[in-house]
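All heavy atoms count here, side chains included; hydrogens, waters and symmetry mates do not. We name chains A, B, ... by the order of the sequence lines, and we start the count at 1 in each one. In this text the structure is predicted, and so the values were computed from the model without any measurement.
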Protein chains: 2
Amino acid sequence: MNSKQTPKAQKTREHILETALGLFASQGYDETTMRDIAAAAGCSLGLAYRYFARKEEMVLELYEQCARELEEEVSKLPPGPLAGRFVSAIEADLRRISLYRTTMGALFSAGLAPNSEVAVLGDRVAGIRTRVWGIFRVVITGATDAPKPAQVTQLATLFYAVHLLIVLFWLQDRSPAQERTHELLKFGRETLGRLRPLLGLPPVAKPLARLAGIVGPMFGPVESAEDAGGGAAGEDENGSRGSVPIGAGG
Amino acid sequence: MNSKQTPKAQKTREHILETALGLFASQGYDETTMRDIAAAAGCSLGLAYRYFARKEEMVLELYEQCARELEEEVSKLPPGPLAGRFVSAIEADLRRISLYRTTMGALFSAGLAPNSEVAVLGDRVAGIRTRVWGIFRVVITGATDAPKPAQVTQLATLFYAVHLLIVLFWLQDRSPAQERTHELLKFGRETLGRLRPLLGLPPVAKPLARLAGIVGPMFGPVESAEDAGGGAAGEDENGSRGSVPIGAGG
DNA sequence: AGCTTTTAGTGAACATGTTCAACTTTTATT
DNA sequence: AATAAAAGTTGAACATGTTCACTAAAAGCT
């Protein structure tokens with residue numbers, strides 16, 4: 001398992017990770033070589049690779065850390081309208097990762113190549129995805145105008161997807177201080193606020209459910225089989241199953 | 001300029017490119033090394049680099065080629081409802097790039113790191129973006145239910161953005177034969193068809209215009225300044241200026 | 001033709017992510 | 001303590017994208 005190593009090893013590992021993240025934050029991801037990390041951590045190149053099979057693996061850890069912190073911050077979010085809570089959560093997330101812009105870029109970058117598991121939608125990240133998805137659940141259920149339970153799961157899935165897109169947008173946003181992203185968020189809040197009353201109406205609810213059914217499985221760990229999303233809106237309370245143990249990093 | 005080289009050089013260049021694209025298609029992008037390419041093309045490693053400063057640059061050329069072909073195919077699309085034409089264009093695009101899944105993945109992957117110019121949203125691709133954006137203009141104006149001219153530009157920008165997202169989705173889609181993507185397209189067609197009548201109504205048109213104003217500049221070449229998208233919906237007929245000479249590859 | 005300049009082409013060398021066989025230290029066992 | 005097994009650690013070596021000083025061919029000029 002994971003936490004059953006010698007304390008010494010654990011300490012070494014953490015030391016290397018912290019060193020790496022520090023370098024990532026200060027000089028950027030690409031500019032930080034594994035040799036830099038080893039040197040700064042005062043160990044050999046090989047040792048870094050003992051604890052992190054690939055450079056990206058360190059980013060993964062960062063991602064998890066951010067998710068954990070975000071979880072806490074969101075749990076403290078005051079009740080309020082759904083739109084406001086959603087945007088606040090996103091803003092908190094962006095604030096948190098802003099130190100690691102290029103590093104997160106690497107994560108998403110790797111995520112784009114359908115190969116590496118160390119990617120936003122890769123297998124290795126399944127646990128974190130589940131966790132973040134859960135955060136959006138809290139965002140929704142904690143809203144003063146939360147939709148009825150049957151819709152919560154679907155909405156969480158869609159929020160998760162939108163969240164991903166916004167981070168993508170943010171990564172690309174070259175405007176000063178990423179003001180364009182914040183404009184987008186403002187727009188999102190207003191629009192979502194305006195749309196909120198319609199969420200319960202079938203002409204809106206049904207397409208949303210269908211969309212969640214299509215998009216959700218992309219976030220799932222592997223996929224067993226064929227009930228993916230045949231025809232209409234199957235309200236079977238999933239769409240992005242969370243059956244993966246969260247802290248199950250190998 | 002570009003086409004002012006010796007015919008011999010031009011030929012060599014094309015030969016290398018074709019060899020490379022062939023290898024990309026048959027064994028994947030990452031699996032094809034520059035040395036492979038040079039060997040298969042019967043030239044030295046250095047020569048390949050003389051014509052293509054980086055490996056990604058070859059992908060760029062592929063992207064441009066696809067854009068050109070798509071342009072032609074779309075121009076032959078029969079008149080019909082907007083939704084159908086849009087989805088048909090996307091499908092044509094996907095069909096075209098399906099041979100080069102991993103290769104396109106590389107393009108988008110690089111595109112995610114905000115560094116490299118050889119990226120979907122990078123400077124080097126500005127010309128191609130403009131071109132593709134133009135394709136969506138044609139998609140719109142050629143529809144039997146085309147919106148009024150003032151909206152065409154905005155809609156083209158949004159279509160371009162959605163197109164990017166769909167390719168992203170497609171790249172990640174691990175379902176057999178990418179059926180999930182096609183489901184998404186079906187959903188998109190139906191939804192867009194249903195929404196089409198509302199496009200002219202201010203409560204819909206205004207937010208769309210605003211969104212286009214926010215998103216559009218991301219696709220622009222560099223950005224001059226500050227009129228990016230201040231407050232309300234500025235219908236100033238742009239949102240994604242196409243003032244870049246299309247074939248201006250340096 | 002003989003010279004110069006520009007273009008085409010080469011392959012060794014470098015940087016960096018990654019692997020691996022060997023070495024050292026720690027822990028468990030007798 | 002002596003020995004064996006496991007865990008920790010090392011640095012050389014490899015693969016691959018990229019660079020560069022250099023050679024070979026071609027074109028231009030007198």
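Checked for salt-bridge contact, B:Glu72 and B:Lys76 meet the test: a charged N lies under 4.0 Å from a carboxylate O. In this structure, A:Glu56 does not pair ionically with A:Arg124, as no charged nitrogen and carboxylate oxygen lie closer than 4.0 Å.
No side-chain heavy atom of B:Leu121 sits under 4.5 Å from any side-chain heavy atom of B:Val125.
In this structure, B:Arg50 reaches the bases: a heavy-atom distance under 4.0 Å links it to at least one base atom across the strands shown. Across all strands, A:Phe52 comes closer than 4.0 Å to no nucleic acid atom at all (heavy-atom distances).
A:Lys55 forms no cation-pi arrangement with A:Phe24, by the criterion of a distance under 6.0 Å to the ring centre and an angle within 45° of the ring axis.
Atom CZ in B:Phe24 sits roughly 14 Å away from atom P in D:dT16 (whole-Å rounding). When rounded to the nearest whole Å, the span between CD of B:Glu57 and C1' of D:dT18 equals 13 Å. Summarising the geometry, the separation between CG on B:Asp30 and P on C:dG17 is reported as 16 Å, rounded to the nearest angstrom. Atom pair B:Leu45:CG and C:dC14:P shows a separation of 15 Å (rounding to whole Å applied). Atoms NZ (B:Lys11) and C1' (C:dG9) sit 16 Å apart, rounded to a whole Å. Computed from coordinates, the B:Met34 CE to C:dG9 P distance equals 15 Å when rounded to whole Å. In this structure, B:Ile37 places its CD1 atom 10 Å from P of D:dT18, rounding to the nearest Å. Rounded to an integer number of Å, the gap from B:Tyr49 OH to C:dA8 C1' is 18 Å.
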Inset, instruction - List the protein contact pattern of nucleotides 21-26 of chain D with one symbol per nucleotide (5' to 3'): B for base contact, S for sugar-phosphate-only contact, - for none; contact means a heavy-atom distance under 4.0 Å. - result: ------
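Atom NE2 of B:His163 and atom CG of B:Asp93 lie 4.0 Å apart (nearest 0.5 Å). Here the straight-line distance linking atom CG of A:Leu21 with atom OG1 of A:Thr32 works out to 10.0 Å at 0.5 Å rounding.
Between D:dA15 and B:Arg35, no contact under 4.0 Å exists linking OP1 or OP2 to a side-chain N or O. In this model, the phosphate group of D:dT9 is approached by a side-chain N or O of A:Thr12 to a distance below 4.0 Å at OP1 or OP2. The side chain of B:Thr6 places an N or O atom within less than 4.0 Å of a non-bridging phosphate oxygen (OP1 or OP2) of C:dA8.
Checked against D:dT9, D:dT18, C:dT10, the side chain of B:Arg54 finds its nearest nucleotide in D:dT18. Distance from the side chain of A:Ser44 is smallest to D:dG11 among D:dG8, D:dG11, C:dT10. The side chain of A:Leu47 lies closest to D:dT9 when the candidates are C:dT18, D:dT9, C:dG9.
Of the candidates B:Thr181, B:Leu184, B:Leu168, B:Asp173 forms a side chain to side chain contact (heavy atoms under 4.5 Å, CB included) with just one, namely B:Thr181.
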